[in-house]
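These notes are about the structure you will find just below.
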Amino acid sequence: MTDTAANNRPRAILPALERIYLPLDTLAETLLRIVAGLLLVTHGYGKILDPFGAAGMVEGLGFYPGVFWSPLLSATEFFGGIFIAIGFLTRPAAFAATIVLLVTVYFHGIVLGQGLGGAEKSILWAAITFFFAIRGANSQSVDAKIGRQF
């Protein structure tokens, strides 16, 4: 890597490593997006099977009516995870997931009184989904294949 206006990246201390980093750049980002999306799908799978099952929990957090918010939570995790994984409507799906995850930070950290230890996983997930909400998907995505991003 060189210092150019085009890539605006610092030069590598060991230039020989650039041959490794550059080809893996897109792969690493794609892998992060796919893993994050698929884990959200896995997390939302139980909820999508019973979309009203979390109604009491979301009402306990102050989201009324629970019969509205519970299916929305289910769909955000399950379908949003699919969208993030394949890179379709990546920004809105990741934004919605970020909001859900910030609520879980509040739930674990404050409501359950678990502090940072209870909220750290949600904080990490929120940071990952926020990254894709801002950046969008890369060239290895449905968004790129159709030539449009939100």
Side-chain angles (χ1 to χ4, degrees), residues 1 6-10 12-13 17 20-150:
M1 285 182 237
N7 64 23
N8 200 25
R9 293 184 178 185
I13 293 172
L17 292 177
I20 297 170
Y21 298 148
L22 290 176
L24 294 177
D25 184 66
T26 300
L27 175 66
E29 184 179 343
T30 302
L31 182 62
L32 179 63
R33 180 175 44 79
I34 291 170
V35 168
L38 291 178
L39 287 173
L40 278 172
V41 169
T42 302
H43 192 73
Y45 179 72
K47 291 181 185 82
I48 206 71
L49 294 177
D50 183 12
F52 298 101
M57 187 263 304
V58 296
E59 285 184 354
L61 291 170
F63 292 91
Y64 293 95
V67 295
F68 170 76
W69 291 106
S70 181
L72 196 58
L73 168 65
S74 303
T76 300
E77 288 183 1
F78 186 76
F79 295 110
I82 291 171
F83 284 8
I84 291 168
I86 66 173
F88 178 65
L89 296 174
T90 308
R91 284 187 172 114
F95 178 75
T98 302
I99 298 302
V100 166
L101 289 160
L102 290 175
V103 171
T104 66
V105 168
Y106 170 76
F107 177 71
H108 288 285
I110 306 296
V111 173
L112 294 181
Q114 296 173 339
L116 180 61
E120 67 182 333
K121 186 167 49 170
S122 294
I123 293 168
L124 178 60
W125 278 104
I128 292 168
T129 56
F130 180 71
F131 173 83
F132 289 109
I134 299 304
R135 177 146 176 143
N138 60 16
S139 62
Q140 303 301 312
S141 67
V142 173
D143 288 342
K145 301 304 179 213
I146 62 174
R148 299 250 184 223
Q149 287 195 58
F150 191 83

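Because the structure is a prediction, the values reported are computed rather than measured.
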- Any pair counted as side-chain hydrogen bond (donor to acceptor under 3.5 Å, both in side chains), so long as it reaches residues 74-85, sequence neighbours left out: Lys47-Glu77
- Item | Residues which pass side chain to side chain contact (heavy atoms under 4.5 Å, CB included) with Ile99, listed by chain and number, not counting sequence neighbours | Phe95
- Task: List for me each residue that meets salt bridge (Lys or Arg N to Asp or Glu O under 4.0 Å) alongside Asp50, sequence neighbours excluded, and say none if there are none.
- Result: none
- Do the rings of Phe78 and Tyr45 sit parallel, tilted or perpendicular, given the 30° and 60° boundaries? tilted
- Task: Using the side-chain hydrogen bond (donor to acceptor under 3.5 Å, both in side chains) rule, collect all pairs that involve residues 81-90, keeping only residues at least two apart or in two chains.
- Result: Thr90-Asp143
- Message: List the residues meeting side chain to side chain contact (heavy atoms under 4.5 Å, CB included) with Thr26, not counting sequence neighbours, and say none if there are none.
- Response: Thr30, Asn138, Ser139, Gln140
- Closest non-hydrogen atoms of Ala36 and Ile128, given as atom of the first, atom of the second and distance, are CB-CG2, 3.9 Å
- Apply ring-ring contact (aromatic ring centres under 6.0 Å, His included) to Phe107 and list each qualifying residue two or more places apart in sequence or on a separate chain. none
- Locate the shortest heavy-atom distance separating Ala54 from Ser70; write the atom from each residue and the value. N-OG, 3.1 Å
Which pairs would a plain distance check flag for residues 60-69, meaning a side-chain donor or acceptor within less than 3.5 Å of a matching protein atom at least two apart in sequence or in another chain?
from  : atom 1 : to    : atom 2 : distance (Å)
Tyr64 : OH     : Glu59 : O      : 3.3
Trp69 : NE1    : Tyr64 : O      : 3.3

- Item | Distance in Å, Ile86 CD1 paired with Arg33 CZ, rounded so as to fall on 0.5 Å steps | 9.0 Å
- Those residues that, when tested against Ser141, pass side-chain hydrogen bond (donor to acceptor under 3.5 Å, both in side chains) (two or more places apart): none
- Message: Minimum heavy-atom separation for Ala133 and Ala94, please, with both atom names.
- Response: N-CB, 3.5 Å
- Message: Distance check, rounded to the nearest 0.5 Å: Thr98 atom OG1 versus Ile134 atom CD1?
- Response: 8.0 Å
N/O donor-acceptor pairs under 3.5 Å from side chains in residues 118-126, not counting sequence neighbours:
from   : atom 1 : to     : atom 2 : distance (Å)
Ser122 : OG     : Thr104 : OG1    : 2.8

- Query: Mind checking what makes side chain to side chain contact (heavy atoms under 4.5 Å, CB included) contact with Ile13, not counting sequence neighbours?
  - Reply: none
- Message: Working note: Phe130 + Leu102, criterion side-chain contact (heavy atoms from CB on, under 4.5 Å); need CA distance, chi angles, decisive distance, verdict.
- Response: CA-CA 10 Å; Phe130 180 71; Leu102 290 175; over 6 Å; no
- Task: Any chance you could lay out the side-chain contact (heavy atoms from CB on, under 4.5 Å) test for Val100 and Thr129, step after step, and finish with the verdict?
- Result: CA-CA 10 Å; Val100 166; Thr129 56; over 6 Å; no
- Item | Distance-minimising heavy-atom pair for Ala55 and Val58 | O-CG2, 3.2 Å
- Please identify each residue that fulfils side chain to side chain contact (heavy atoms under 4.5 Å, CB included) with Phe79, with sequence neighbours left out. Ile48, Ala75, Ile82
- Item | Distance in Å, His108 NE2 paired with Leu116 CG, rounded so as to fall on 0.5 Å steps | 13.0 Å
- Search all heavy atoms of Ile84 against all heavy atoms of Ala97 and return the closest pair with its distance. CD1-CB, 4.2 Å
- Message: Going by the rule ring-ring contact (aromatic ring centres under 6.0 Å, His included), which residues pair with Phe132 if we only count those two or more places apart in sequence or in a different chain?
- Response: none
- Which atom names give the shortest non-hydrogen contact between Met57 and Leu73, and what distance separates them? CE-CD2, 3.9 Å
